[in-house]
Participant: 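Please see the structure below; I have some questions.
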2 protein chains.
Amino acid sequence: MKKLYEFLEERGISPTIQRLKILKYIEENLKHPTVDMIYQEISKEIPTLSKTTIYNTMNLFVEKGIVSELCVGEGEVRYEINLAPHAHFRCTECGNIFDVELDLKIFKIKKVDGNQIMHTSVYFTGKCSECLKKKGMINE
Amino acid sequence: MKKLYEFLEERGISPTIQRLKILKYIEENLKHPTVDMIYQEISKEIPTLSKTTIYNTMNLFVEKGIVSELCVGEGEVRYEINLAPHAHFRCTECGNIFDVELDLKIFKIKKVDGNQIMHTSVYFTGKCSECLKKKGMINE
DNA sequence: TTTCATATTTGAACCCTTTACAAATTAATT
DNA sequence: AATTAATTTGTAAAGGGTTCAAATATGAAA
């Protein structure tokens with residue numbers, strides 16, 4: 001926890017309890033949580049927690065480059081700790097989202113048609129191996 | 001218009017005025033419109049038009065494979081006529097969305113980590129050439 | 001044509017995610 | 001201790017999208 005405290009301070013962010021718990025959560029939980037998932041979990045420890053705080057904090061973390069937003073074709077935004085660029089796979093059956101560690105040259109493209117690329121997003125949708133297995137047993 | 005009529009009939013879709021106008025619009029308008037953009041335009045011709053009809057129709061067209069949904073990291077869904085897979089570039093300054101016709105091998109991947117890929121999405125965000133030009137004149 | 005059944009459209013209510021904002025709380029400064 | 005600034009909270013509200021029942025249009029059968 002001390003480490004997280006320093007981590008925030010180094011980036012000019014006052015390390016409040018809320019921010020520390022949120023940071024801890026997204027660091028440990030690599031399941032690309034939504035605001036609601038974060039809220040459900042942390043409000044167990046901080047019962048007075050407000051969802052607005054999560055929104056504020058996530059926006060702050062994004063600005064500071066600590067986390068990145070994830071859009072995989074659902075209605076809501078997901079978050080993950082900022083790591084090396086990678087792709088994602090969303091299963092349309094179970095909703096799970098997996099990291100895809102392909103070494104894609106596409107992440108190295110910095111300019112296209114004269115447009116300057118700041119961020120590149122790659123995601124797949126389909127059926128994950130688990131759901132394929134289950135489906136195969138039940139009805140195919 | 002006769003062509004569009006037949007186009008829908010061939011796919012088992014009753015060609016109502018609403019559907020014809022919507023299809024015509026997304027066929028002619030390649031700017032990846034949102035539901036609201038479609039609504040604003042077509043309600044000029046059909047004043048009684050309901051937004052629900054647009055939602056219904058777009059979902060129907062997606063099911064039938066006529067159009068595809070587009071998610072480029074905003075809050076809302078965009079649509080485009082179904083063409084060969086391609087990437088998109090969204091300018092964070094002006095909001096414009098451009099097709100990117102790179103021949104990416106990524107669109108050919110059908111399986112990753114045992115997961116079966118049904119759809120692949122690739123989009124870039126950044127500043128488009130137009131906005132870079134303008135910015136350069138004004139403050140850089 | 002008239003009738004009946006079916007499909008489509010419409011509009012209002014509603015759900016959900018996200019933002020706005022002001023009051024309350026907490027932390028930092030003097 | 002007092003004042004100021006930063007953060008959190010909660011309510012309201014905005015915006016996209018869905019649900020659902022009533023109204024309308026369409027198509028088939030008589």
Side-chain angles (χ1 to χ4, degrees), chain A residues 4-5 8-9 11-25 32-64 66-79 90 92 95 97, chain B residues 4-5 8-9 11-25 32-64 66-79 90 92 95 97:
Chain A
L4 299 178
Y5 194 97
L8 289 180
E9 277 200 326
R11 284 158 183 78
I13 300 173
S14 318
T16 63
I17 316 239
Q18 289 84 350
R19 288 171 178 167
L20 282 168
K21 298 256 187 195
I22 294 171
L23 178 60
K24 184 159 178 279
Y25 180 78
H32 317 92
T34 64
V35 162
D36 193 62
M37 290 159 82
I38 302 171
Y39 175 74
Q40 294 304 333
E41 196 56 31
I42 300 186
S43 61
K44 289 178 190 166
E45 305 177 50
I46 309 177
T48 63
L49 183 69
S50 166
K51 245 184 201 179
T52 305
T53 298
I54 314 278
Y55 281 107
N56 289 342
T57 304
M58 298 321 291
N59 289 338
L60 178 66
F61 284 0
V62 168
E63 274 172 38
K64 298 289 185 175
I66 296 173
V67 304
S68 47
E69 289 186 359
L70 204 58
C71 155
V72 286
E74 308 157 301
E76 55 196 329
V77 175
R78 290 169 179 273
Y79 295 93
R90 174 169 62 88
T92 52
I97 293 163
Chain B
L4 299 179
Y5 194 98
L8 289 179
E9 278 201 324
R11 284 158 181 79
I13 299 173
S14 317
T16 64
I17 317 240
Q18 289 85 348
R19 289 170 177 169
L20 282 168
K21 298 256 186 193
I22 293 171
L23 178 60
K24 184 160 179 280
Y25 178 79
H32 318 92
T34 64
V35 161
D36 193 64
M37 289 160 82
I38 302 171
Y39 174 76
Q40 293 304 333
E41 195 58 30
I42 300 184
S43 62
K44 289 179 191 167
E45 304 175 52
I46 309 177
T48 64
L49 183 68
S50 165
K51 245 184 200 180
T52 305
T53 298
I54 315 275
Y55 282 108
N56 290 341
T57 304
M58 297 322 290
N59 289 338
L60 178 66
F61 284 1
V62 169
E63 274 172 39
K64 298 289 185 177
I66 296 173
V67 304
S68 47
E69 289 186 358
L70 205 56
C71 157
V72 284
E74 309 159 301
E76 55 197 331
V77 175
R78 291 170 178 272
Y79 294 94
R90 174 170 62 87
T92 53
I97 293 163

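Every chain is numbered from 1, with letters handed out A, B, ... down the list of sequences. No hydrogens, no waters, no symmetry mates; every other heavy atom, side chains included, goes into these values. Source: prediction; values computed, not measured.
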Participant: Just the rounded figure in Å: distance from C1' of D:dG16 to CZ of B:R78.
Facilitator: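 Going from B:R78 (CZ) to D:dG16 (C1'), I get 13 Å.
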
Participant: Above 12 or not: heavy atoms from other molecules or residues under 6.0 Å from CD1 of A:I17?
Facilitator: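 Atom CD1 in A:I17 is not packed in, count stays at 12 or less.
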
Participant: Report yes if at least one side-chain N or O of A:T52 is closer than 4.0 Å to OP1 or OP2 of D:dT9; otherwise report no.
Facilitator: no

Participant: Consider the side chain of A:V77, meaning its heavy atoms from C-beta on, and name the nucleotide among D:dA6, C:dT18, D:dG10 that approaches it most closely.
Facilitator: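 Between D:dA6, C:dT18, D:dG10, the one nearest the side chain of A:V77 would be C:dT18.
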
Participant: Go through C:dT19, D:dT8, C:dT17 for me and flag the one nearest to the A:E76 side chain.
Facilitator: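 Out of C:dT19, D:dT8, C:dT17, the nucleotide with an atom closest to A:E76's side chain is C:dT17.
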
Participant: Could you tell me how far apart A:I22 (CD1) and D:dT8 (P) are, to the nearest whole angstrom?
Facilitator: 8 Å

Participant: C:dT8 P sits how many Å from B:F61 CZ, rounded?
Facilitator: 11 Å

Participant: Consider the side chain of B:S50, meaning its heavy atoms from C-beta on, and name the nucleotide among D:dT9, D:dT7, C:dG11 that approaches it most closely.
Facilitator: C:dG11

Participant: C:dT10, C:dT8, D:dT9: which one has an atom nearest the side-chain heavy atoms of B:N56?
Facilitator: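 For B:N56, the side-chain atoms sit closest to C:dT10.
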
Participant: Between D:dT9, C:dT8, D:dT8, which one does the side chain of A:T16 approach most closely?
Facilitator: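 Of D:dT9, C:dT8, D:dT8, D:dT8 is nearest to the side chain of A:T16.
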
Participant: B:T48 or A:I17: which one's nearest nucleotide on DNA chain C is closer to the 5' end?
Facilitator: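 Here B:T48 is the residue nearer the 5' end.
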
Participant: Give a yes or no on whether the backbone of B:I46 and the side-chain of B:S43 come within a donor-acceptor separation of less than 3.5 Å.
Facilitator: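 The answer is no, because no donor-acceptor pair under 3.5 Å joins these two groups.
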
Participant: Look at the side-chain N and O atoms of A:Q18 and state whether any lies under 4.0 Å from the OP1 or OP2 oxygen of D:dT9.
Facilitator: yes

Participant: Measuring from B:I42:CD1 to B:K44:NZ, what's the distance to the nearest 0.5 Å?
Facilitator: 10.5 Å

Participant: Whole angstrom is fine here: how far is it from CD in A:E74 over to C1' in D:dG17?
Facilitator: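 That distance rounds to 15 Å.
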
Participant: Keeping A:R19 on the side-chain end and A:I13 on the backbone end, is there a donor-acceptor pair under 3.5 Å?
Facilitator: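 It does not hold such a pair.
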
Participant: Within this structure, what is the CD-to-C1' distance between B:Q40 and D:dG16, rounded to whole angstrom?
Facilitator: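 My rounded result for the distance is 14 Å.
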
Participant: Strictly distance-based, threshold 3.5 Å: is any side-chain N or O of A:S50 a donor or acceptor partner for the main-chain N or O of A:T52?
Facilitator: yes

Participant: How many angstroms lie between atom NZ of B:K51 and atom CG of B:N56, to the nearest 0.5 angstrom?
Facilitator: 14.0 Å

Participant: Within the side chain of B:R78, is there an N or O that forms a donor-acceptor pair under 3.5 Å with the backbone of B:H32?
Facilitator: yes

Participant: So if I take the C1' atoms of five pairs at each end of the helix from C:dT1-D:dA30 to C:dT30-D:dA1 and get each local axis, what angle do the two axes make, rounded to 10 degrees?
Facilitator: 10°

Participant: Once you round it to whole Å, what is the distance between C1' of D:dT9 and OH of A:Y39?
Facilitator: 10 Å

Participant: Are any of B:T34's side-chain N or O atoms less than 4.0 Å away from OP1 or OP2 of D:dG16?
Facilitator: no

Participant: Quick one: B:K51 NZ to C:dA12 P, roughly how many Å, whole number?
Facilitator: 14 Å

Participant: Out of curiosity, B:L60 CG to B:L8 CG, how far, rounded to the nearest 0.5 Å?
Facilitator: 8.5 Å

Participant: Within this structure, what is the CD1-to-C1' distance between A:I54 and C:dT19, rounded to whole angstrom?
Facilitator: 15 Å

Participant: May I ask you to verify if any side-chain N or O of B:T53 is less than 4.0 angstrom from the OP1 or OP2 atom of C:dT10?
Facilitator: yes

Participant: Counting only side-chain heavy atoms from C-beta out, which of D:dT9, C:dT17, D:dT18 sits nearest to A:Y55?
Facilitator: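 My answer, after comparing the listed nucleotides, is C:dT17.
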
